[in-house]
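Remember, predicted model here, so these are calculated numbers, not experimental data. To find a chain, count down the sequence lines: A is the first, B the second, and so on, and within it residues start at 1.
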Number of protein chains: 2
Amino acid sequence: MAATAAESALDVALGPPAKTPKGEQTRALILSTALELFRERGYEETTMRAIAQRAGVALGNAYYYFRSKEHLIQAFYARSHEEHLEAARPVLEREKDLKERLRDVVYAKIRTSEPYHRFSGILFKTAADPHSPLSPFSPESSPTRRESTALFAEVLFGSNTKVHPDLADELPNLLWLYQMGIILFWIHDDSPGRRRTYLLVEHTVDLVARTIGLASNPLLVPLRKRVLALLRDLKS
Amino acid sequence: MAATAAESALDVALGPPAKTPKGEQTRALILSTALELFRERGYEETTMRAIAQRAGVALGNAYYYFRSKEHLIQAFYARSHEEHLEAARPVLEREKDLKERLRDVVYAKIRTSEPYHRFSGILFKTAADPHSPLSPFSPESSPTRRESTALFAEVLFGSNTKVHPDLADELPNLLWLYQMGIILFWIHDDSPGRRRTYLLVEHTVDLVARTIGLASNPLLVPLRKRVLALLRDLKS
DNA sequence: GTCTATAACCGGATAGAC
DNA sequence: GTCTATCCGGTTATAGAC
């Protein structure tokens, strides 16, 4: 189920041309060559010509499969999410405590992204541009975003913390946003072993989990209502 | 005082060549022409050749004053901050309530940035890359950032809210970060009249101001200590 | 120190032949 | 699906004028 969903996201991310098995193979070759070079030299330093050459295809052929250099990033998103899913699955099956689940899922994201730390800076570059189809908020990214959000829904509803029904719709989105914030921090984090990022997660995850648990507390009803009203208004 | 500081930031942003009055004038001409074109057509669609042509200078001359197209953005930062300062000054003199001060200063930022809303997307693109000298977190940007932070220090300490001394060092930074978050939202906000952004500010500013006021409350000592410890650790 | 003119390089992107 | 040729614009280089 999760795997099927991930594949569909990949399709969207990778775009139309994927008819024949051979074509599929060529695209995969180009993509992995590209990521290889990105890891080795960084994004800016990797030219489309270099990618094509190492992959043993013509420049134009690379553009046949990927509309632009940036679209390689979109494909990377999708692949990265798949790896995240896989790394997160065991935790979700084993652990039932919300805080632990949340922490381990976020850790999984960071761990699986680590080989691309340098490259990810560029990734966020395109992410911040609202009109780019590569923005995580863009319609083009919505499949991957939806799946990523679904993962957080599972973090939430598979835990033994009672989630107040009012929050059920919005919380997964907010957790996804929380993870985006962590990643933004991680991108700027050059401490050894990404110490700072882990520190930040360790502390904030506790805060988040506690807040979710407390949200049912009668004392917090007005605050909860207010936050929910704001969220609703922001969408309209 | 504020003006002097702003000028020094401009100098850094604009770079070395600025000896003669004539040169100063030429640079200003190139910059305003560029911003004009950015506003009209957007960043990507504006070529350096077009900027040079409309400014009536040779292409090489544009590069004489601005190391790259992106460096025009750095200059834009500095200019934008100056306008923000100017727009914020009357508020800071008139109003003493923390919440009002904070809101109006953030509003001033949004209002003065409004003509560049489209362009600002690109701006954030480059901002998000941690290795770019244009990142607001980079050393190159630190003068403008420092001044921007100083503005929030004034918001804080010029108000009639008692700020707990433990927080004095960090709060201005956090408020600056808060404003960055608002701007990130604003960039993605295409609602008429930027309704959503104003809504978000309206609600969160209240939360922020309240939290600052409550931070002295004995009940919150443990939380305050914890947050401060985290912030300290994140820097080490 | 400022500025012009012009040519060239490089790499992302496109067109069109096969 | 794949290739070659070409365009376009950021950037650099040069050589020289005021």
Between atom [atom1] in [X] and atom [atom2] in [N], what is the gap in whole Å?
{"X": "B/Glu45", "N": "C/dG12", "atom1": "CD", "atom2": "C1'", "result": "15 Å"}
{"X": "B/Glu44", "N": "C/dG12", "atom1": "CD", "atom2": "P", "result": "14 Å"}
{"X": "A/Leu29", "N": "D/dT2", "atom1": "CG", "atom2": "P", "result": "10 Å"}
{"X": "A/Arg41", "N": "C/dG11", "atom1": "CZ", "atom2": "P", "result": "10 Å"}
{"X": "A/Phe66", "N": "D/dG1", "atom1": "CZ", "atom2": "C1'", "result": "14 Å"}
{"X": "B/Met48", "N": "D/dT11", "atom1": "CE", "atom2": "C1'", "result": "9 Å"}
{"X": "A/Gln25", "N": "D/dG1", "atom1": "CD", "atom2": "C1'", "result": "13 Å"}
{"X": "A/Gln53", "N": "C/dG11", "atom1": "CD", "atom2": "P", "result": "12 Å"}

Are a donor atom and an acceptor atom from the side chains of A/Ser135 and A/Asp129 found within less than 3.5 Å of each other? no
If you pin B/Leu59 and B/Thr26 to their nearest nucleotides in DNA chain C, which one's is more 5'?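 Taking each residue's closest nucleotide, the earlier one in sequence belongs to B/Thr26.
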Fill in the dot-bracket string of DNA chain D, one character per base: . for unpaired, | for a pair to another strand, ( ) or [ ] for pairs within the strand, taking Watson-Crick or G-U pairs under 3.5 Å. ||||||||||||||||||
Is the phosphate of [N], meaning OP1 or OP2, less than 4.0 Å from a side-chain N or O of [X]?
{"X": "B/Tyr64", "N": "C/dC3", "answer": "no"}
{"X": "B/Thr20", "N": "C/dT2", "answer": "yes"}
{"X": "A/Tyr63", "N": "D/dT2", "answer": "no"}
{"X": "A/Asn61", "N": "D/dG1", "answer": "no"}

Identified side-chain contact (heavy atoms from CB on, under 4.5 Å) counterpart of A/Leu85 within the set A/Glu82, A/Glu83, A/His81: A/His81
Pick out which of A/Leu231, A/Leu234, A/Leu230 makes a side-chain contact (heavy atoms from CB on, under 4.5 Å) with B/His203.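 With B/His203 as partner, A/Leu231, A/Leu234, A/Leu230 yield a single side-chain contact (heavy atoms from CB on, under 4.5 Å), made by A/Leu230.
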Which of A/Phe76, A/Tyr43, A/Tyr77, A/Trp186 passes ring-ring contact (aromatic ring centres under 6.0 Å, His included) with A/Tyr116? It is A/Phe76
Separation between OG1 of B/Thr33 and CG of B/Leu29, rounded to the nearest 0.5 Å: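 Answer rounded to 0.5 Å: 4.0 Å.
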Is it the case that the side chain of B/Thr149 and the backbone of B/Pro172 share a donor-acceptor pair, with hydrogens and angles ignored and the cut-off at 3.5 Å? no
Nucleotide nearest [X] (side chain, heavy atoms from C-beta), chosen from [options]:
{"X": "B/Thr47", "options": "D/dT2, D/dG10, C/dG12", "result": "D/dG10"}
{"X": "B/Lys22", "options": "C/dG12, D/dC3, C/dT2", "result": "C/dT2"}
{"X": "A/Ser68", "options": "D/dG9, D/dC3, C/dA13", "result": "C/dA13"}

Taking atom types as they are modelled, would you say the side chain of B/Arg49 forms a donor-acceptor pair with the base of D/dT11 within the 3.5 Å cutoff?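 Answer yes: a donor N or O sits under 3.5 Å from an acceptor.
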Kindly write out the residues that satisfy salt bridge (Lys or Arg N to Asp or Glu O under 4.0 Å) with B/Glu114, not counting sequence neighbours, or none if the list is empty.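 Listed in chain order: B/Arg194.
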